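Bear in mind the structure is a predicted one, so any value in this text is a computation, not a measurement.
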Amino acid sequence: MNVTNGNKTTSCQDETVCTLQIYRRLSVKPGQSCILRVPKEATAATVIKTALATLGLDTSKTYVLVEVQEYGGEEWVLQASDQPVQRVLLWPRKAQDKHPQSDGYFFALQEGSYDGSIQYDVMTSVRQEKVAQGLANRGFVTQQPQEYDDLCNLPELTEESILGTLRHRFHKQKIYTFASNILIAVNPFKFLPIYNPRYVKMYENHTLGKLEPHVFAIADAAFHTMLNKRVNQCIVISGESGSGKTQSTNFLIHCLTALSQKGYTSGVERTILGAGPVLEAFGNAKTAHNNNSSRFGKFIQVNYLESGVVRGAVVEKYLLEKCRLVSRGKTERNYHVFYYLLIGASEEEKDEFKLLHPEQYHYLKEEIPIVEDQAEMKHEFRRLHQAMEMVGFLPSTKKQIFSVLSAILYLGNVTYQPKDVGEGLKVGPDRVLYAISDLLKVKVELLVEALTTRKAMTANDTLILPYSLDEAITARDSMAKSLYSALFDWIVLRINHALLNKRDLEESVPCLSIGVLDIFGFEDFKTNSFEQFCINYANEQLQYYCNQRIFTLEQEEYRAEGITWHNIDYPDNIGCISLFSKKPTGLFYLLDEESNFPRATDSTLLEKFKQQHQDNPFFVQTPVREPAFVIQHFAGKVKYQIKDFREKNTDHMRPDIVALLRSSECSYLRQLIGANPVAVFRWGILRATIRTLAVFNEAGRSWAEKYPGNIYGSLIDFSFDRSEEGPLEAFEDIFTTFENKNLTDFLFHWINFLSLLHLHTKKKPPSISAQFQASLSKLLETLRKAEPFFVRCIRSNGDKREMHFDDALVLQQLRYTGMLQTVRIRRSGYGAKFTFKEFTDQFRVLLPKEISTPQQDITNLLTKMGLPRSSFQIGRTKVFLKESERQILQEALHKEVMRRIIILQRWFRACLMRKQYLREREGIITIQVLFVWLSRGFKKNAFSRPVVSKCFSCNDLPLLLSFTSLFGPKASGSHSNFPRVKSSATFPGPRRNPTIKISRATRVQEKWNASLDREITDSNELRHLDEFLGNQVCVDVYILLQLFERHLDFNSKVGFDTLVNPNIGYTTLMSGYQTRVSSLAGLKKASEVPLVVNLFQSVLDGFIRGELKRLEVDPLGHLFSTYQVTIMQSCDQCSSFIWGMEKAFMCSSCKMVCHKKCLSKITVNCTGHCDRKVSTAQTLHFGVPVCALVRTADSVPFVMEKMLVHVEMNGLYTEGIYRKSGSVCRAKELHHLLEKSPQAVSFDNYPIHTITGLVKQWLRELPDPLMTYSLYNDFLYAADLPEESERLRALYRKLDELPPPNFSTLERLIFHLVKVAKEEAHNRMSVNALAIVFAPCILRCPDSSDPLLSMKDINKTTLCVEILINEQTRRYNQKMEEIQQLENAEAMAVKQLKLRRQNTVRKYLCCTVHKIFCLSFRNDLAFRLPEFDQDSSDAENMDSESLVSSDSLLEDHCVSLDSEGQY
């Protein structure tokens, strides 16, 4: 803070006027501030008012002045009466004199609420870091540990150091940490804005560990590892319940589909993204540990082509928790879908499905009433509707699903009472029974019978026995659980059917896959039952798999290769797995045995458990009378209640219920409980075919009755051939076709469930535990065939509190997962392994030419590079490297390859320059000889003819002619030194591109409300108007210039760019133009003034609409398009949430995401595009971004347009126009002239190959190629699509994402290449040849890419350019054909119209002449015979001419008719 007193500057302690520096908090421009001179007694209210006026802020809003000390660690909101200068006097001396924000003492002006409060959550983490660092340096707090994003880099590896690192990163909202290639994710119980599309782009194709740890980094590493190694990958997500596994799975699937589709969303990607919300709604629920807990396990396997394009996917589910449907804890809820339906349904849907309030259902009223999140559930119901549509559910199918859900809820409201007379139960209430009957389309009598009685089969008869009260309730709940389980399995089946690529049924294509495993986490509730028993066994198997991959297999490989290694001990859980599954005494097998005994109970089962495993250390004994047992899991001890173990293990749908549902009139419900899906599928084909035959037969009979005499042969014969096969045998080829496509693989779990319904078979269906073990074994077999990536999810606290880190809970999870041992083996082990052949193939460039002993040569290479001996080892058949050393080796390979490429380029250029030098030297000698010969004036006969013939050759003829044109005029006495040829220097400025437009539908908006009331306040808009009117033929630019001079008060020498704040309205311009035109027209042409003015008004209206479109669609260089959000994201403008399935806008260049309402509020330029304003003052035209060379987004750079026009006018018929190169010297000369003054350059003095070479040079020297580095991989993926139509559509969608200047220039270039290819017969440049030449110029890989890998992409880049040229050629030919047809139709119409006019006029003349002739004949026949003779001859001549004319017209008419028939 300074004071000013005359010319002296002193401290404010001595003066009354002080200087304050006020910073604006949350400003778009960092460091935006103002300097105020205020008196000492100035209050905070006065300072705020002055600062608002200085900064130009809205004075209607409420602002507060905040005093900030110590980097924002201490803040005070000053009251209106406080004096800021007095507060400054309490600051340190240095801060009093000058208080910049970097010193930590300053005033901040921030918008506050109307009550004067201020939001303190705006303090950034950077500021908090500065506070902590400053306090630590001063000794007030302990020094924070250094931050490590990889636990393997910790200097001291202990449990405390790992816990401290995770805690430190967690408090900084960095929830992800690496342990080599293992990702540790700590659940914050809060959404963080780090999952927007720009993060997907940021992590794309980056080595793991180069950037900050993120779940997207794991997805990208798995994706590119699959493509590079051609090996299937899997991502195993593990952790206990509430650790965030489901959310991590959603993020991974979102990233994998984004990496695959590259902006082009096909049906498979949409189905994959839509399947997640559907499965979550039907399979997730709120538990004590998690608000969105998966109550089933799922394994999503995404199949890819070898090029990285999604081919299909498969979803497998494991063990749905059916008991949750009928009972659960007090603080837990049922499945999400019930609440979504009841709260989010419309009034019509509630009436149709007979829905009640949630508290009116017995299955839902046990938990706490739902009040706080009803709005969220309504949104989730809309999201569910959209997701089901993405999966492929029709509206009728959704209605059937919701009807089944409503019927399941009504089943819980069924009550029982003993009958007044006799045995049995009364069931009711009636309204509930009728509601179930109507929803399931079954008869009420059959429903009551199934709910109250059961059938028992004897040898001779069938007995009907009534249920007891407990049995009836069990039967009711069993029906509800079985119906919901069947519905869930059917949904999974339909999702798999939608994810099945239809082309897989027709052809066999090699595919790769990435599997994402999201299985239920380890659970330990207050009451643990059969579900937790199976879930924890699955987690034991998963932990064993992780130990095998991380510890066992790796250490066995080290020992087999004979390298130096010290074994690392780790917790092994094989004993616990044997307790569950070892034959014949495993817990699962004992459970199946007891389930088969009719008189067994849960107590006898518990006794057998204790008897068989009383000495097992993993089986902990419990008191005798307690109906429970304890198992020592890897994650701790868990007590299981033995109640209902046997019943849940044999929870099959009862025969009476199956019979009831099969009697339903609803075919959908019968399909749910179908015994065999393959049989249902076969019957569906047969039924559809038979119905088709019946319809055709009926139509044939109707036609035969209507036209009885027109029957030719047999009426209808639909047999597939003329054989004598039976009617059903004709369909065997159809069944065989579908069965040979391995459809049963996709129906595996569906068959497992429905195998329980095989009531007619004598074999007993497998138990639930047996099915679960079989499916789990298949899952582990799939995982063993793939290379794994691991994501360890950690629950931060047990209370679901946001951003709360519970040290004890986290440490417990780190211990039982063996994280310390995992980090130790990852730290000591070798992450990169190569066989000798793989190493020599990949790094051959670094190795000697002759490799005799690979081991020794590889050792010498690694030692020569200076790698530590401990960072690599050479085994018997493999090379083991640390990951960091592998990256060093990869960088060295890249540098060596680039060095050799530069050497090759240097030698090649040297050869070309040597050749050019020899040619120029020979030409100079020839010119010198010729000059000497001409200077002697032929006086001396020094050069004989043989000498001349020796000095000159046929190749020197052009040079000789050019020399003669320079010196010849003096001898001949001509007055002109240059031929009179139209020079290309007269090339106009901006002009309309004569191209066939590439479709850009995403930037077209048809609806505009342009108004002439708009004012021009921007010099750019004025410049655009000048260019726009300069291209119009109908507007007199001289008149407009006079009007601009009058209203803007500047002369013609001043350009539009120099105007800072112009102010002219379109209405004023319009009225001035009308006045000027009226004065020029005068009285004679006053009637034409409105026509001219209206025409000019239409021109202005078109410009205004275009200007509004430019400002709205592409604000600040962004290219926004609609974007459907699949996972929760945050708006980059307002920072609020964007919920799943909502529509948002995303910039295709910088991946900025925002709401539609935030488009007009964006103030940040697009980082993916350059700023045109920065480079407009430069005069360079080569090596400059395209956007800096154009004034409007839809224009083409001047130099490029000028060269292309000259080539089209003069070089289309030149052979090898783009294959041959011109003179290097002439090219340099022309390059220099174009850089200096392109408008004054004449191309007529340069060979055509020199100009075409500069066209290619201009494209190659662009800092960012026309098709941009950012979209390079996208175009390659689009070129790899199998279907031609998909490939073309994907390419054009990616073209829409190009910046507008790049798009316009590429459009112009492609049209030019089309014109060149059209003259292939003369210039010998085919489409393929042009693509080979121009692909490296407009679609090249980034310089940071591996040159060896980029060599493999040459075919793809060439294919992309070739596809564009071919497609534009097709469109060009189509347009030309349409134009030709229109011209022919126009000529025909004109000819016919002319013919009809001639016939009408001549017919009228003939009739008139005939009448006159008859009248004159009667009056003058007797009196004027001499004159009659004279008139007769004239009349005869006229009649003969008219006759001849009529005949000719008739002939023309006939010819026109014939020609019309040809068209």
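N303 places no side-chain N or O within donor-acceptor distance of the main-chain N or O of S513, the cut-off being under 3.5 Å. Checking side-chain atoms of W1258 against main-chain N and O of H1181 turns up a donor-acceptor pair under 3.5 Å. For the pair N1323 (side chain) and Y1213 (backbone), a donor-acceptor distance under 3.5 Å is absent. In this structure, H206 contributes its side chain and M202 its backbone to a donor-acceptor pair below 3.5 Å. Here the side chain of N1302 pairs no donor or acceptor atom with the backbone of L1298 at under 3.5 angstrom.
Every residue two or more places apart in sequence or in another chain was checked for a side chain to side chain donor-acceptor pair (under 3.5 Å) with H1231, and none qualifies. The salt bridge (charged side-chain N to carboxylate O under 4.0 Å, His left out) test applied to R1324 returns no partner, not counting sequence neighbours. Residues satisfying the ring-ring contact (aromatic ring centres under 6.0 Å, His included) criterion with F843, sequence neighbours excluded, are F834, F839. Residues that satisfy the ring-ring contact (aromatic ring centres under 6.0 Å, His included) test with H1312, not counting sequence neighbours, are Y1218. In terms of the side chain to side chain donor-acceptor pair (under 3.5 Å) criterion, E1319 has no residue partners (sequence neighbours excluded). Judged as a side chain to side chain donor-acceptor pair (under 3.5 Å), and not counting sequence neighbours, Q1381 has no contacts. Every residue two or more places apart in sequence or in another chain that forms a ring-ring contact (aromatic ring centres under 6.0 Å, His included) with Y304 is listed here: F223. Partners of D841 according to the side chain to side chain donor-acceptor pair (under 3.5 Å) rule, which considers only residues two or more places apart in sequence or in another chain, are K837. Every residue two or more places apart in sequence or in another chain was checked for a ring-ring contact (aromatic ring centres under 6.0 Å, His included) with Y1269, and none qualifies. Taking the salt bridge (charged side-chain N to carboxylate O under 4.0 Å, His left out) definition, one finds that K1220 meets it with nothing, sequence neighbours left out.
Heavy-atom contacts from other residues, nucleotides or ligands closer than 6.0 Å to CZ of R1260 number more than 12. Environment of CD in E1284: sparse, with no more than 12 heavy atoms of neighbouring residues, nucleotides or ligands closer than 6.0 Å.
For residues 891-905, every residue pair satisfying the salt bridge (Lys or Arg N to Asp or Glu O under 4.0 Å) rule, not counting sequence neighbours, is listed here: K210-E891, E896-R899, E896-R900. The list of side chain to side chain donor-acceptor pair (under 3.5 Å) pairs with a residue in residues 1355-1365, not counting sequence neighbours, reads D1280-K1356, N1328-E1362.
For the atom pair SG (C1360) and CE (M1267), the distance works out to 6.0 Å, reported to the nearest 0.5 Å. The CZ atom of R914 sits 14.5 Å away from the CZ atom of R919 when rounded to the nearest 0.5 Å. We find the CG-CG distance between L1309 and L1259 to be 5.5 Å, quoted to the nearest 0.5 Å. Residue R1219 holds its CZ atom at 11.5 Å from OG1 of T1252, rounded to the nearest 0.5 Å. Once rounded to the nearest 0.5 Å, the distance linking CD of Q905 with CG of L912 reads 11.5 Å. From H1249, atom NE2 reaches atom OG of S1223 across 12.5 Å, with rounding to the nearest 0.5 Å.
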Legend entry - Steps toward side-chain contact (heavy atoms from CB on, under 4.5 Å) verdict (L1295, L1364): CA-CA 10 Å; L1295 289 177; L1364 292 178; 3.6 Å; yes
Inset, instruction - Please lay out, stage by stage, how L1254 and M1203 fare under the test side-chain contact (heavy atoms from CB on, under 4.5 Å). - result: CA-CA 8 Å; L1254 278 182; M1203 291 190 294; 3.8 Å; yes
Inset, instruction - Give the intermediate values and the outcome of side-chain hydrogen bond (donor to acceptor under 3.5 Å, both in side chains) for residues E1307 and Q1368. - result: CA-CA 10 Å; E1307 182 183 58; Q1368 293 304 108; over 6 Å; no
Legend entry - side-chain contact (heavy atoms from CB on, under 4.5 Å) between H1322 and E1215, worked out: CA-CA 6 Å; H1322 300 88; E1215 182 177 355; over 6 Å; no
Inset, instruction - Test V1207 against L1204 for side-chain contact (heavy atoms from CB on, under 4.5 Å), laying out the working first. - result: CA-CA 5 Å; V1207 173; L1204 294 182; 5.7 Å; no
Inset, instruction - Go through K201 and E204 one step at a time and tell me if the salt bridge (charged side-chain N to carboxylate O under 4.0 Å, His left out) criterion holds. - result: CA-CA 5 Å; K201 180 181 179 182; E204 182 179 357; over 6 Å; no
Inset, instruction - Go through E1229 and Y1246 one step at a time and tell me if the side-chain hydrogen bond (donor to acceptor under 3.5 Å, both in side chains) criterion holds. - result: CA-CA 10 Å; E1229 175 188 350; Y1246 295 91; 3.1 Å; yes
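Using a 4.0 Å cut-off between charged side-chain N and carboxylate O, K1294 and E1297 make a salt bridge. Salt bridge annotation for R1308-E1208: present, with a cationic side-chain nitrogen under 4.0 angstrom from a carboxylate oxygen.
Q842 places a side-chain heavy atom less than 4.5 Å from the side chain of Q890. The shortest distance between side-chain heavy atoms of L1339 and L1266 does not fall below 4.5 Å.
Of the N and O atoms on the side chains of N228 and H224, not one donor lies less than 3.5 Å from an acceptor on the other residue.
For the pair K1202 and F1243, the distance from NZ or CZ to the six-membered ring centre is under 6.0 Å and the angle to the ring normal is within 45 degrees.
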